[in-house]
Amino acid sequence: QVQLVESGGGLVQPGGSLRLSCASSGGPFSINAMGWYRQAPGKERELVARIISGVTTDYADFVQGRFTISRDNTKNLMYLQMNTLKAEDTAVYYCNIVGRTTRRGEIVNFWGQGTQVTVSS
């Protein structure tokens, strides 16, 4: 029903910037939370940033003010602006949406396929 597609990843030098985008499409549902997660080789997937109930933002400690999560409701887009990137930010970044279907109130949890971010000199 719902598809999430990430884009904007790539190779960037330390200190550089990238903006990740997540486009969503599919059936209607109410969103409880939307966010970005990442997974580096040999590590567990971890939260990067999320928007809860469309108002509250939550960032992982390692972000340290470098990243900004935002959304454009009219275009069904979610963004992650990443500045001052570090080598340890290298990972596959995934967008995620958690919500409920408007018809039956079923909990839904959608993930994109991920986009590779590589920070290297």
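By convention here, the first residue in the shown sequence is residue 1.
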Euclidean distance, [Y] [atom2] relative to [X] [atom1], rounded to 0.5 Å:
{"X": "C95", "Y": "R50", "atom1": "SG", "atom2": "CZ", "value": "15.5 Å"}
{"X": "R19", "Y": "Q81", "atom1": "CZ", "atom2": "CD", "value": "7.0 Å"}
{"X": "R66", "Y": "S17", "atom1": "CZ", "atom2": "OG", "value": "10.0 Å"}

Determine, stepwise, if the pair T90 / Q116 fulfils side chain to side chain contact (heavy atoms under 4.5 Å, CB included).
CA-CA 8 Å; T90 297; Q116 177 70 49; 4.0 Å; yes

Would you please test S121 and Q13 for side chain to side chain contact (heavy atoms under 4.5 Å, CB included) and show each step?
CA-CA 5 Å; S121 60; Q13 295 181 344; 5.6 Å; no

Any side-chain heavy atom of [X] within less than 4.5 Å of one from [Y]?
{"X": "D58", "Y": "L47", "answer": "yes"}
{"X": "Y79", "Y": "D72", "answer": "yes"}
{"X": "M82", "Y": "Y93", "answer": "yes"}
{"X": "F110", "Y": "M34", "answer": "no"}
{"X": "T118", "Y": "V12", "answer": "no"}
{"X": "R100", "Y": "N32", "answer": "yes"}
{"X": "V92", "Y": "T115", "answer": "no"}
{"X": "L20", "Y": "V117", "answer": "yes"}

Does I97 form a side chain to side chain contact (heavy atoms under 4.5 Å, CB included) with L4? I'd like the steps, not just the answer.
CA-CA 9 Å; I97 293 178; L4 303 178; 3.6 Å; yes

Between I51 and T56, is the side chain to side chain contact (heavy atoms under 4.5 Å, CB included) condition met? List the steps.
CA-CA 6 Å; I51 303 173; T56 304; over 6 Å; no

Answer yes or no: are there more than 12 heavy-atom neighbours, outside [X] itself, under 6.0 Å from its atom [atom1]?
{"X": "Q3", "atom1": "CD", "value": "no"}
{"X": "E44", "atom1": "CD", "value": "no"}
{"X": "E106", "atom1": "CD", "value": "yes"}

Does the distance from a Lys or Arg side-chain N to an Asp or Glu carboxylate O, for R38 and E46, drop under 4.0 Å?
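Yes, charged N to carboxylate O under 4.0 Å.
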
For the rings on W36 and F67, is their centre-to-centre separation under 6.0 Å?
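Ring-ring flag for W36/F67: false, centres at least 6.0 Å apart.
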
N76 and S24: side-chain hydrogen bond (donor to acceptor under 3.5 Å, both in side chains), yes or no, with the steps?
CA-CA 6 Å; N76 295 322; S24 64; 4.6 Å; no

Are V2 and V108 connected into the same hydrophobic cluster when the rule is that any two of I, L, V, M, F, W, Y join if their side-chain heavy atoms are below 4.5 Å apart?
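V108 clusters together with V2.
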
